[in-house]
Peer 1: 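Take a look at the following structure, please.
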Amino acid sequence: MDILQKLTVALAPTGTQLVAVTKRQSLEDIQRLYDKGQRVMAENRVQDLLERYEALPKDIEWHLIGTLQTNKVKYIVPFIKMIHSVDSLKLLQEIDRRAAQQGRVIDCLLQFHVAQEDTKQGLDEQEAINLLSSNDYAQMKNVRICGVMGMATFTEDQGAVRQEFKQLKGIFDRLKLLFFEKEAHFKEISMGMSGDYQIAVEEGSTMVRVGSLLFEKSL
Ligand SMILES: *Cc1c(COP(=O)(O)O)cnc(C)c1O
């Protein structure tokens with residue numbers, strides 16, 4: 001079995017979706033993954049996302065998982081399937097505005113800062129509550145918040161990683177109760193990467209973002 005098949009088998013019992021992170025991979029390698037049947041892919045930089053969108057088959061579902069500057073939103077709004085990295089009201093407003101111009105509704109996740117490292121971006125729970133309680137948010141018609149996203153600390157300490165995933169799941173559960181109880185689309189917990197996807201799945205991940213593992217060259 002190759003790694004794509006192994007991952008597919010590993011994720012099947014929980015119905016966790018595999019998002020293939022294609023950053024730094026060649027078009028040939030991405031095309032090969034496509035030919036094996038993978039359709040959901042993600043990039044962390046807008047420029048790379050645009051190049052790959054242009055070059056690869058149009059039935060790929062593209063997700064953005066990295067920092068998004070408001071001035072770049074307009075480039076991805078025509079085709080993006082999901083933005084995992086929403087970390088401010090200002091950004092969400094710009095997505096909503098550009099999506100309205102395109103007649104689209106864009107699926108978004110709120111990114112949370114759960115890791116120890118300061119470098120990892122994201123909201124804290126109170127900031128998300130403020131955002132979701134705001135009048136500005138209430139008026140948005142062209143974004144749909146489908147859940148949460150987070151990254152664990154890059155560490156060998158699996159207990160710490162598990163704790164951070166539990167924290168993100170806790171945030172998801174509380175936001176669901178407070179703001180989305182009747183909204184079936186608020187169901188995604190995007191957590192888990194090559195090194196920690198198994199722990200993430202155990203802690204309730206609905207989407208893992210796997211890059212390097214998927215593209216490892218088998219010798
Ligand atoms: C690169 C990246 C991933 C995938 O990381 P791997 O360790 O290569 O699986 C997942 N999420 C984000 C936000 C990333 O930038």
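The first residue of the sequence shown is numbered 1, and numbering continues consecutively from there. Only heavy atoms go into these numbers, but all of them, side chains included; no hydrogens, no water, no symmetry mates.
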Peer 1: Applying side chain to side chain donor-acceptor pair (under 3.5 Å), can you list everything that pairs with K23, at least two apart in sequence or on another chain?
Peer 2: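 Not a single residue meets the side chain to side chain donor-acceptor pair (under 3.5 Å) criterion with K23.
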Peer 1: For a quick test of reading the model, state the closest non-hydrogen atom pair linking S88 to L91 and the distance between them.
Peer 2: OG-N, 3.0 Å
Peer 1: Which pairs, with at least one residue in residues 87-101 and sequence neighbours excluded, count as a salt bridge (charged side-chain N to carboxylate O under 4.0 Å, His left out)?
Peer 2: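 For residues 87-101, and leaving out neighbouring residues, the salt bridge (charged side-chain N to carboxylate O under 4.0 Å, His left out) pairs sorted by first residue read E94-R97, E94-R98.
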Peer 1: Output yes when a side-chain donor or acceptor of Q198 lies under 3.5 Å from a complementary backbone atom of A200, and no otherwise.
Peer 2: no
Peer 1: Output all residues satisfying side chain to side chain donor-acceptor pair (under 3.5 Å) with Q126, sequence neighbours left out; order by chain, then residue number.
Peer 2: N130
Peer 1: Could you walk me through whether E203 and M191 pass the side-chain contact (heavy atoms from CB on, under 4.5 Å) check?
Peer 2: CA-CA 9 Å; E203 296 304 329; M191 61 183 186; 3.9 Å; yes
Peer 1: Partners of S134 by side-chain contact (heavy atoms from CB on, under 4.5 Å), sequence neighbours excluded?
Peer 2: L89, D136, Y137
Peer 1: Side-chain atoms of residues 75-86: list all donor-acceptor pairs with protein atoms under 3.5 Å, sequence neighbours left out, distances to 0.1 Å.
Peer 2:
from : atom 1 : to   : atom 2 : distance (Å)
H84  : ND1    : S190 : OG     : 3.0
H84  : NE2    : H63  : ND1    : 2.8
S85  : OG     : G66  : O      : 2.7

Peer 1: Identify the heavy atoms of A128 and L123 that sit nearest to each other, and give their distance.
Peer 2: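 Closest heavy-atom pair between A128 and L123: CB-CD1, 4.3 Å.
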Peer 1: Starting from M151, walk the hydrophobic network (Ile, Leu, Val, Met, Phe, Trp, Tyr; side-chain heavy atoms closer than 4.5 Å) and list everyone else you reach, by chain and number.
Peer 2: M193
Peer 1: Does N44 reach the main-chain N or O of I65 with its side chain, forming a donor-acceptor pair under 3.5 Å?
Peer 2: no
Peer 1: Give the C-alpha distance, both sets of side-chain angles, the deciding distance and a yes or no for side-chain contact (heavy atoms from CB on, under 4.5 Å) between Q38 and L18.
Peer 2: CA-CA 9 Å; Q38 180 68 24; L18 174 63; 3.6 Å; yes
Peer 1: With sequence neighbours left out, write down each residue that passes side chain to side chain donor-acceptor pair (under 3.5 Å) with T8, or none if nothing qualifies.
Peer 2: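 So T8 forms no side chain to side chain donor-acceptor pair (under 3.5 Å) with any residue.
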Peer 1: Working to the nearest 0.5 Å, report the span between CZ of R24 and CZ of R45.
Peer 2: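 It comes to 10.5 Å.
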Peer 1: If hydrophobic clusters are built from ILVMFWY residues whose side chains come within less than 4.5 Å, do L27 and W62 share one?
Peer 2: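 As far as the 4.5 Å side-chain criterion goes, W62 and L27 are connected within one cluster.
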Peer 1: Side chains of V21 and F215, heavy atoms from C-beta outward: is any pair under 4.5 Å?
Peer 2: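 No - every pair of side-chain heavy atoms lies 4.5 Å or more apart.
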Peer 1: Can you name the residues that form a side chain to side chain donor-acceptor pair (under 3.5 Å) with R144, not counting sequence neighbours?
Peer 2: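 Checked R144 against side chain to side chain donor-acceptor pair (under 3.5 Å); matches are D107.
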Peer 1: Which pairs with one or both residues in residues 182-201 pass ring pair (Phe, Tyr, Trp, His ring centres under 6.0 Å), sequence neighbours excluded?
Peer 2: F172-F186, F180-F186
Peer 1: In terms of side-chain heavy atoms, does T16 have a donor or acceptor partner in T14 at a distance below 3.5 Å?
Peer 2: yes
Peer 1: Given side-chain contact (heavy atoms from CB on, under 4.5 Å), test L132 with I145 step by step and report yes or no.
Peer 2: CA-CA 10 Å; L132 294 168; I145 296 187; 3.8 Å; yes
Peer 1: For residues A152 and V161, report the shortest heavy-atom separation together with the two atoms involved.
Peer 2: CB-CG1, 3.8 Å
Peer 1: Determine, step by step, whether E164 and T153 satisfy the side chain to side chain donor-acceptor pair (under 3.5 Å) criterion, reporting the C-alpha distance in whole Å, the side-chain angles of both residues, the deciding distance to 0.1 Å, and the verdict.
Peer 2: CA-CA 8 Å; E164 291 169 2; T153 307; 2.6 Å; yes
Peer 1: Counting only N and O atoms by type, is there a donor-acceptor contact under 3.5 Å from the side chain of D196 to the main-chain atoms of I199?
Peer 2: no
Peer 1: Do Q167 side-chain atoms and A115 backbone N/O form a donor-acceptor pair below 3.5 Å?
Peer 2: no
Peer 1: Which is it for V19 and V208 under the side-chain contact (heavy atoms from CB on, under 4.5 Å) test, yes or no, and what are the steps along the way?
Peer 2: CA-CA 6 Å; V19 178; V208 291; over 6 Å; no
Peer 1: With distance as the sole criterion, is a donor-acceptor pair present between the side chains of N135 and Q139 under 3.5 Å?
Peer 2: no
Peer 1: Side chains of T206 and K187: closer than 4.5 Å at any heavy-atom pair?
Peer 2: no
Peer 1: Do D173 and K176 meet the salt-bridge criterion of a basic N to acidic O distance under 4.0 Å?
Peer 2: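 Looking at K176 and D173, the cut-off is not met.
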Peer 1: Check whether any side-chain heavy atom of M207 lies under 4.5 Å from a side-chain heavy atom of I189, and answer yes or no.
Peer 2: no
Peer 1: With the side chain counted from C-beta on, respond yes when L131 and L92 share a heavy-atom pair under 4.5 Å apart, and no when they do not.
Peer 2: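 L131 vs L92: side chains touch.
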Peer 1: Measuring from atom CD1 of I60 to atom OH of Y34, what distance do you get when rounded to the nearest 0.5 angstrom?
Peer 2: 6.5 Å
Peer 1: Should L68 and L109 be regarded as members of a common hydrophobic cluster, given that ILVMFWY residues are connected when their side-chain heavy atoms come within less than 4.5 Å of each other, either directly or indirectly?
Peer 2: no
Peer 1: Would you say Q121 and H113 make side-chain contact, with heavy atoms under 4.5 Å?
Peer 2: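 They are not in contact (no side-chain heavy atoms under 4.5 Å apart), so the answer is no.
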Peer 1: Does a donor on one side chain sit under 3.5 Å from an acceptor on the other, for E43 and T22?
Peer 2: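 Present: a donor and an acceptor within the cut-off.
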Peer 1: Applying salt bridge (charged side-chain N to carboxylate O under 4.0 Å, His left out), which residue pairs with at least one partner in residues 56-68 are found, sequence neighbours left out?
Peer 2: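 Listed by first then second residue: R39-D59.
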Peer 1: Once salt bridge (charged side-chain N to carboxylate O under 4.0 Å, His left out) is applied, what residue pairs with a partner in residues 5-17 remain, sequence neighbours excluded?
Peer 2: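 Sorted pair list comes back empty.
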Peer 1: Salt bridge check: are K36 and D2 linked by an N-O gap of less than 4.0 Å?
Peer 2: yes
Peer 1: For E125, check salt bridge (charged side-chain N to carboxylate O under 4.0 Å, His left out) against everything at least two apart and list the hits.
Peer 2: R174
Peer 1: Would I129 and M149 show up in the same hydrophobic cluster when neighbours are defined by side-chain heavy atoms closer than 4.5 Å?
Peer 2: no
